[in-house]
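Numbers here are sequence positions counted from 1. This one's a predicted model, so the numbers in the text were calculated from it and none came from an experiment.
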Amino acid sequence: MTNNNRGCASHIDRRAFLQVAGASSAVALAGCTGGNGTGDGTHVSYTNQVPTKIQYNPLNPTSYSQYSHYLLFDRFANFNFAKGEFIPYLIQNWEFGDGTFEMTVRDGVTWEDGDDVTAGDVATQLRLARLTGGTIDQFTDSVEVADDRTVVLELAGDVNPRIVEFNALGQRFMTLKESEFGKYVEMFEDDAEKAQSEIQSHAYKDVTANGPFTVAERGNQQILLEKRDDHPDSGNINFDQVAFRYLDGNTAVHQAIGANELDSVMVFAPPNVVNNFPDHIRMETIPGKVGYGLIPQHDHEHTGDRAVRQAIAHVLDRETIVKNVGETLKQAPPLPVGIPSDDQERWLGDAYDSFEDYGVNERQTDDAEQILLDAGYSKDGDTWVDGSGNVVELPITVPSGWTDWVTATQTIVDQLNDFGFESQVDSRNFSALNGTVWPNGDFILSAGGWLPGGGRASFPYFSLHHQLLEHYRGFTYNYTPANENRGGSNGDVTVPSRTGSGTMTVNPNDRLEELSETSDEATTREISIEQAWVTNVDLPVIPVMEKQEQAFLATDEWSVPEQGSDVSQVRWPHLWLIRQGELQYDG
């Protein structure tokens, strides 16, 4: 990293930004007048969403908050990658009983209007998750309130305990207050279709927070949060405000870090960029269990053809793609399959060698050509056409500001064009993709995560579910075995048998449901291998690369834990550390 002195000039940078962004002048000047460590600093982070469009209804994917909800609302529990377990938070204790999963709500947590956060609020959140098709519905008969602090899931028969923990606790925030959102639960009893439509289109902007911060100001350039003094963890936080600055794309974030305008961010930055960051910027990494893949539109004449999908997989040199993006924080998955790279050998065991790797570090164009010829495609000059003479056109949509994804997409486009497909980069604004393009299925190939991310991705049920039944980003990819809300029908799929002769017909929905209901390790492994085989052969999603997540923390005015500390091994460390009192203002 280059040396970069950070004196009063850096404070002026931040002050100028805050004034432009609309923060109060008193707050803006705090850094330059000298903080005393008692709470007059403003922590500046970023978002790639226009703040006035951010909304906080987790059941509505349109413009759903990217980061600020991590401080506005309490999460149920937080999975720690270093410990391999959940750390209690709003849910302080949980235990399995005879067909039940009982959760105890933390005492002393209140909404900003003064009401206690109760078991009724937690139950409302979980009931709406069930009613809107959340995975929790697959193993829960009912959600009951035992008393003000106790919520009980009545489990529907045998359920894999790991699935219950991940689905009830993981990545879930206490957002939907019973007094405001309980009406939707009642609405489902009278008119489920109307209730589903209304709750999933409701933009929740005028929020009632229960976390240590609430919304103070919101403009087009930033959203400013202000500390609540009545949260149990407020005493851990020695500063009063957190600003999320709107920056469109990774390059803008890199420039802001270099200009000393940001105190903490999650952003991809290749090594050459990281090397130019100021010396006081510390990088923290956590396992991503997520990465770039290609989502095919399965009702398209070409990408809906398994032969084309397999040809694409053979044509791509995944290691070259990784090298072009920056191999320090990326890896090419050994197998294109619905299990994370580091977990593939552990789960596939002796079956590992029977899986097709499609050439992890080479372009297997001969294999791709033979597959296409066998499927009725041919070459017209240097270009592949189908049986009707239609050119195989494969544009790839990608969020325009995600530089690593754009670089990967460009490399893929080059490799596809070199092979004889016609492809180009179709970069668009992330909000447009996430809000309409992906849910409407308006793409032929799209960049998209091939894993669900987080700790649960290491358990095959979730990563296979993500590819086969329901992509977490809301892609409507019209894959027949997928859920109805992703354009599927939970139908069967027939693929070549893994034993080398004949075919096998399976129903991924039924088999994953069976996996979710067993606690038997042999059955879990058998179904995991079988369904991984389906993803490997049929390629509902084409895995390309997997990544480590990067967090950057400024250390000149802020005290942060030692690099690699267990407390930082969570999603997302820069915001979790604030709550834990592990990120302190000492400017």
Side-chain angles (χ1 to χ4, degrees), residues 291-298 300-325 327 330-338 341 344 352-398 405-426 443-448 450 495-496 498 500 533-546:
Y292 177 107
L294 293 175
I295 314 296
Q297 180 50 257
H298 286 262
H300 185 265
E301 57 182 333
H302 296 140
T303 50
D305 188 332
R306 180 189 301 161
V308 173
R309 299 195 297 273
Q310 291 186 340
I312 292 171
H314 277 298
V315 166
L316 300 184
D317 177 346
R318 300 194 294 278
E319 287 198 354
T320 294
I321 298 167
V322 165
K323 288 177 182 175
N324 285 354
V325 173
E327 57 189 333
K330 308 285 185 182
Q331 64 174 323
L335 300 175
V337 66
S341 301
Q344 289 180 358
Y352 183 93
D353 290 338
S354 64
F355 282 66
E356 174 65 70
D357 67 11
Y358 293 92
V360 63
N361 58 354
E362 60 180 335
R363 302 183 64 232
Q364 298 181 334
T365 54
D366 289 346
D367 294 301
E369 287 179 3
Q370 191 59 57
I371 289 171
L372 290 175
L373 292 172
D374 291 346
Y377 290 84
S378 61
K379 274 287 192 68
D380 181 2
D382 294 330
T383 303
W384 284 98
V385 297
D386 63 17
S388 300
N390 299 315
V391 173
V392 181
E393 298 183 23
L394 303 173
I396 304 174
T397 60
V398 60
W405 283 32
V406 171
T407 299
T409 303
Q410 185 59 62
T411 305
I412 291 170
V413 163
D414 291 343
Q415 294 181 354
L416 294 179
N417 285 331
D418 182 69
F419 176 67
F421 291 137
E422 287 198 357
S423 184
Q424 60 273 340
V425 178
D426 177 17
F443 58 88
I444 295 175
L445 276 175
S446 180
W450 63 280
V495 298
R498 191 169 59 82
W533 176 254
V534 173
T535 62
N536 184 242
V537 175
D538 207 35
L539 296 170
V541 175
I542 303 173
V544 177
M545 62 185 182
E546 192 173 339

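Note that CG of Leu539 and CD1 of Ile295 are 11.5 Å apart. Values are rounded to the nearest 0.5 Å. Once rounded to the nearest 0.5 Å, the distance linking CG of Asp426 with CD1 of Ile444 reads 9.0 Å. Remark: Phe421 CZ to Ile312 CD1 distance equals 5.5 Å, nearest 0.5 Å. Rounding to the nearest 0.5 Å gives a distance of 12.0 Å between CD of Glu369 and NE2 of His314. Atoms NE2 and OG1, from His298 and Thr303 in turn, are 7.5 Å apart once rounded to the nearest 0.5 Å.
No donor-acceptor distance shorter than 3.5 angstrom exists from the side chain of Gln310 to the backbone of Ile371, with no hydrogens or angles considered. No side-chain donor-acceptor contact under 3.5 Å links Arg309 to the backbone of Pro540. A side-chain donor-acceptor contact under 3.5 Å links Arg318 to the backbone of Pro333. Trp450 places a side-chain N or O within donor-acceptor distance of the main-chain N or O of Met545, the cut-off being under 3.5 Å.
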Legend entry - Derivation and outcome, side chain to side chain contact (heavy atoms under 4.5 Å, CB included), residues His302 and Asp386: CA-CA 8 Å; His302 296 140; Asp386 63 17; 3.1 Å; yes
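For the salt bridge (charged side-chain N to carboxylate O under 4.0 Å, His left out) condition, the pairs that include at least one residue of residues 357-368, sequence neighbours left out, are Arg363-Asp418.
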Acceptor/donor pairs from residues 408-417 side chains to any protein atom, 3.5 angstrom cut, sequence neighbours excluded:
residue, atom, partner, partner atom, Å
Thr409, OG1, Tyr292, OH, 2.8
Thr409, OG1, Trp405, O, 2.7
Gln410, NE2, Asp414, OD1, 3.1
Thr411, OG1, Asn324, ND2, 3.1
Thr411, OG1, Thr407, O, 3.1
Gln415, OE1, Asp317, N, 3.0
Asn417, OD1, Ser423, N, 2.7
Asn417, ND2, Val413, O, 3.3
Asn417, ND2, Ser423, O, 3.0

Using a 3.5 Å cut-off and no angle test, enumerate the donor-acceptor pairs between side-chain atoms of residues 373-384 and protein atoms at least two apart in sequence or in another chain.
residue, atom, partner, partner atom, Å
Asp374, OD1, Gln370, NE2, 2.9
Tyr377, OH, Asp305, OD2, 3.2
Trp384, NE1, Phe419, O, 3.3

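Side-chain contact between Glu319 and Val360: present, with at least one pair of heavy atoms (C-beta onward) separated by less than 4.5 Å. Two residues are said to be in side-chain contact when any heavy atoms from C-beta on lie closer than 4.5 Å; Val391 and Val385 meet this criterion.
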